[in-house]
Amino acid sequence: MKHKSLSQPRPGPLQYVFLAGLAVLFVYPIWWAISSSLKPPNEIVRAPLSFSPGSATLHNYQAMFHDVPIGTGFLNTVLVVVVKGALTMCFCPLAGYAFAKYRFPGRDLLFGVLMLTLMLPTLVLIIPLLLQMSQLGWVNTYQALILPGSIDAFSIFWMRQTIAAVPDELLDAGRVDGAGEFGIFARIVVPVIRPGIAALGVLTTMNIYNDFVWPVVAVNDESHQTLQVVLSTLAQNVTGNRIGADFGSVWGELLAAGSIAMLPVLLLFILLQRHFINGILAGSVKG
Amino acid sequence: MTPATLTPPRNEEHTAPAPLRTRRRRLSLTPYVFVAPFYVVFAAFGLYPLVFALQLSFTNWKGAGEARFIGLDNYTYLLTSPEFWASLGNSAVMWLLIVPVQIVGGLAAAVLLANARLRLRGMFRVAFIAPFVTPLVAMAQVWIVVFDSDYGLVNHLLRLVGLPGVDWLTSTTWAKPTLALLFLWKTTGFAVIILLAGLQAVPSDVYEAAALDGASRRRQFWSLTLPLVRRSIAFLIVVQTLAVFQMFAEPFVVTQGGPYGSTTTGGLYLYNHITASDLGTGAANSFLLVLLVFALSLLSVRLLRSRDE
């Protein structure tokens with residue numbers, strides 16, 4: 001990021017206007033959704049642009065909590081994020097380490113297979129996976145939400161890139177000190193690549209938290225639905241009953257649900273945005 | 001930027017693992033144990049269903065009862081079905097509305113953000129990437145409200161400046177662009193960061209040399225910047241082509257594929273086979289979709305290559 005170059009021109013006002021315009025377009029919908037969710041229902045329809053903090057109300061949130069099992073959705077999502085995330089965080093760096101620092105027969109073949117699976121779209125697996133779940137009796141279970149896709153190829157690839165940059169001398173020093181193979185990984189590699197691990201953590205959490213396609217297919221009973229699936233049922237009820245509906249209160253609920261779903265990831269993002277953006281930068285090595 | 005997490009793309013060969021003599025002496029099981037979990041999960045929940053799907057695509061199975069082998073019937077049915085082609089057509093239009101706009105706009109923003117003399121760079125980066133982290137389903141709901149014909153925010157703004165409102169989500173003309181806008185809003189920040197990574201892998205002395213040689217800024221862009229970020233562009237095109245043709249949550253939540261099927265994308269059409277319990281046809285559909293996406297990705301990478309080399 002420190003490409004100080006004398007040949008770079010000072011950006012002109014037009015360039016700032018362009019960037020600022022884009023930034024507003026990107027951020028305004030988020031701000032609008034959150035602020036509108038706090039407005040009285042009739043205000044959302046009548047005066048979509050205004051927002052007076054004085055008249056802020058939690059009415060929409062109360063109505064939404066009453067209508068959809070959003071609490072259950074939250075708990076299910078937390079459970080899936082924690083367990084699935086832990087699987088990713090344990091096994092992907094370990095596999096990445098093996099691909100980066102060991103030379104073993106079949107390594108290139110195994111790595112090639114791994115890269116091929118990256119190209120496999122989720123959609124092609126949806127139907128057979130669903131059938132497999134019903135054969136196993138796993139429809140509407142947590143293991144169905146957690147296991148498929150739990151140790152993903154992209155994270156392994158990314159960890160391999162990160163660990164490849166760790167100097168071999170460091171590992172050899174550990175070996176001389178008598179550390180075991182796993183000890184070298186846990187006590188030398190992991191501390192050195194901590195920023196990369198943190199970025200992987202953020203990205204993994206967001207991906208699992210926001211996942212929708214598989215959860216909506218794998219689970220159809222309310223007690224196992226994740227937050228995103230619960231949200232989508234609310235949206236479908238709303239658009240299903242458009243005619244004669246009281247738009248203000250329906251939208252209030254939609255915006256409240258959307259805001260509450262956004263909040264945790266937005267907070268996580270704001271806290272760790274450096275790691276996160278650097279993480280994507282590192283992930284783009286794939287190109 | 002920590003050196004551990006940023007490896008410039010072009011250095012991949014150098015960072016390739018160097019063999020260590022200590023570990024080459026005897027064949028150790030350790031690395032196999034370390035990589036095994038991925039292959040176990042993949043075999044169980046990737047390979048097995050894939051083979052299963054292939055088998056399924058040659059049957060008329062409806063999710064219950066006997067599965068009968070019907071050869072290529074599912075494939076010929078789909079390939080002669082107007083609905084199947086319409087879903088691909090919808091996806092193709094979405095692709096055209098999304099990918100070129102995103103590459104050109106994203107590149108413009110990335111070039112500006114790469115300028116070290118730009119103020120507020122960090123703030124711009126955060127603003128651009130914020131949509132990428134928001135849950136798609138949540139934003140899709142916001143889209144329903146913002147683009148409503150009667151009471152939506154956008155039509156409210158249009159009327160304020162004296163323009164007529166538009167049926168954003170309920171007319172066959174506008175539903176696709178409105179969904180494309182959601183996709184663009186959500187993922188363009190990601191594209192900017194990817195392109196930025198490509199631009200920052202370009203050493204600045206290359207530009208200094210070019211400037212010394214008297215190359216104009218425009219010329220520098222066309223003959224230096226563009227060829228050097230070609231890999232990032234190719235990567236983006238492949239990733240976004242996969243994503244656009246599989247697009248599912250956006251139409252599922254916002255329009256349910258309507259009005260009149262105009263937003264029934266390849267991904268949503270495939271999902272409809274599941275709800276109709278038409279699993280054999282659905283499996284065949286997914287393979288046709290994957291073949292198409294592969295072909296498109298290869299084609300775009302090819303086109304991009306031949307222009308420069």
Side-chain angles (χ1 to χ4, degrees), chain A residues 1 3-5 7-8 10-11 15 19 23 26-27 33 45 48 91 94-95 98 100-104 121 123-125 127-129 132 148 150-151 161-162 164-165 168 181 193 195-196 206 210 212-213 228 231-232 235 247 251 254 258 261-262 265 269 273 277-278 280-282 284-285 287, chain B residues 1-2 4-7 9 15 17-20 30-31 34-35 37-38 41 45 49 52-53 109 112 115-118 124-131 133-135 137-138 141-142 145 151 153 156 193-194 197 204 207-208 211 231-232 235 242 246 248-249 253 267 270 279 282-283 286 290:
Chain A
M1 214 136 296
H3 282 273
K4 271 275 189 281
S5 160
S7 69
Q8 279 179 316
R10 191 179 292 280
Q15 302 184 333
L19 288 175
F26 283 137
V27 174
V45 175
F91 292 117
L94 200 58
K101 293 297 182 188
Y102 286 84
R103 164 167 284 202
F104 50 96
L123 271 183
V124 75
L125 293 178
I127 290 177
L129 257 183
Q132 191 183 0
S150 55
I151 303 171
Q161 299 296 101
T162 306
D168 288 334
E181 296 296 316
I193 59 158
M206 283 177 185
N210 293 344
F212 175 65
V213 181
Q228 307 300 331
L231 285 185
S232 78
F247 272 87
W251 285 0
L254 272 188
M262 269 187 254
V265 263
F269 167 65
Q273 47 100 355
I277 292 175
N278 291 346
I280 304 180
L281 283 169
S284 70
V285 169
Chain B
M1 187 68 39
T2 46
T5 50
L6 183 75
T7 325
T15 53
L20 287 185
T30 316
F34 287 175
V35 302
F38 167 79
V41 171
F45 304 111
F52 191 25
L112 294 182
N115 188 336
R117 296 173 76 175
L118 183 81
F124 284 130
R125 284 200 325 184
V126 171
F128 285 14
I129 203 76
V133 306
T134 59
V137 177
Q141 291 177 329
V142 174
V145 177
Y151 306 109
L153 175 67
H156 181 83
I193 299 290
I194 298 287
S204 58
Y207 287 100
E208 273 154 26
R231 283 179 65 137
S232 308
F235 168 72
L242 279 164
Q246 290 191 76
F248 166 72
V253 175
L270 172 55
L279 300 178
S286 55
V290 168

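Chain naming here is simple, since letters A, B, ... match the order of the sequence lines and numbering starts at 1 in each. Source: prediction; values computed, not measured. Hydrogens, waters and symmetry mates play no part in the numbers below; they use all other heavy atoms, side chains included.
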- [ ] Please check if the side chain of N115(B) supplies one atom and the backbone of R10(A) the other of a donor-acceptor pair under 3.5 Å.
- [x]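 No, because the side chain of N115(B) does not come within donor-acceptor range (under 3.5 Å) of the backbone of R10(A).
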Task: L231(A) backbone acceptor or donor facing Q141(B) side chain under 3.5 Å - done: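 Yes, because the side chain of Q141(B) sits within donor-acceptor range (under 3.5 Å) of the backbone of L231(A).
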Considering all heavy atoms of both residues, which atom of [X] and which atom of [Y] are nearest to each other, and what is their separation?
| X | Y | result |
| --- | --- | --- |
| Q132(A) | F52(B) | N-CE2, 4.4 Å |
| A127(B) | F26(A) | O-CB, 3.5 Å |
| I151(A) | P37(B) | CD1-CB, 3.7 Å |

TODO: May I ask you to name which of A98(A), P11(A), A33(A), A261(A) has the most heavy-atom pairs under 4.5 Å with chain B?
DONE: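 The answer is P11(A).
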Residue part contacting chain A, namely of [X], when any heavy atom lies under 4.5 Å:
| X | result |
| --- | --- |
| F128(B) | both |
| T30(B) | side chain |
| L279(B) | both |
| F38(B) | both |
| V41(B) | side chain |

Open item on the list: Counting heavy-atom pairs closer than 4.5 Å to chain A, which one of V126(B), V137(B), V290(B) comes out on top?
Closed with: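 Sorted descending by pairs with chain A, the first entry is V137(B).
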Task: chain A interface, residue from G282(B), A283(B), A109(B) that has the most non-hydrogen pairs under 4.5 Å - done: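 Heavy-atom pairs under 4.5 Å are most numerous for A109(B).
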Do [X] and [Y] touch side chain to side chain, with heavy atoms closer than 4.5 Å?
| X | Y | value |
| --- | --- | --- |
| I127(A) | L270(B) | yes |
| L19(A) | L118(B) | yes |
| V265(A) | P135(B) | yes |

Distance check, rounded to the nearest 0.5 Å: [X] atom [atom1] versus [Y] atom [atom2]?
| X | Y | atom1 | atom2 | answer |
| --- | --- | --- | --- | --- |
| T134(B) | F269(A) | OG1 | CZ | 10.0 Å |
| W251(A) | L153(B) | CH2 | CG | 9.5 Å |
| F248(B) | F212(A) | CZ | CZ | 5.5 Å |

Task: Evaluation steps, side chain to side chain contact (heavy atoms under 4.5 Å, CB included), between F34(B) and Y102(A) - done: CA-CA 10 Å; F34(B) 287 175; Y102(A) 286 84; 4.0 Å; yes
Task: Region of M262(A) in contact with chain B, defined by heavy-atom distances below 4.5 Å - done: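 Answer is both: backbone and side chain atoms of M262(A) are under 4.5 Å from chain B.
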TODO: Check whether Q228(A) gets within reach of chain B through its side chain, its backbone, both or neither, counting any heavy atom under 4.5 Å.
DONE: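 Looking at Q228(A), backbone and side chain both touch chain B.
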- [ ] For side chain to side chain contact (heavy atoms under 4.5 Å, CB included), just list the numbers for V142(B) and L254(A), CA-CA rounded to whole Å, side-chain angles, deciding distance to a tenth of an Å, and then say yes or no.
- [x] CA-CA 7 Å; V142(B) 174; L254(A) 272 188; over 6 Å; no
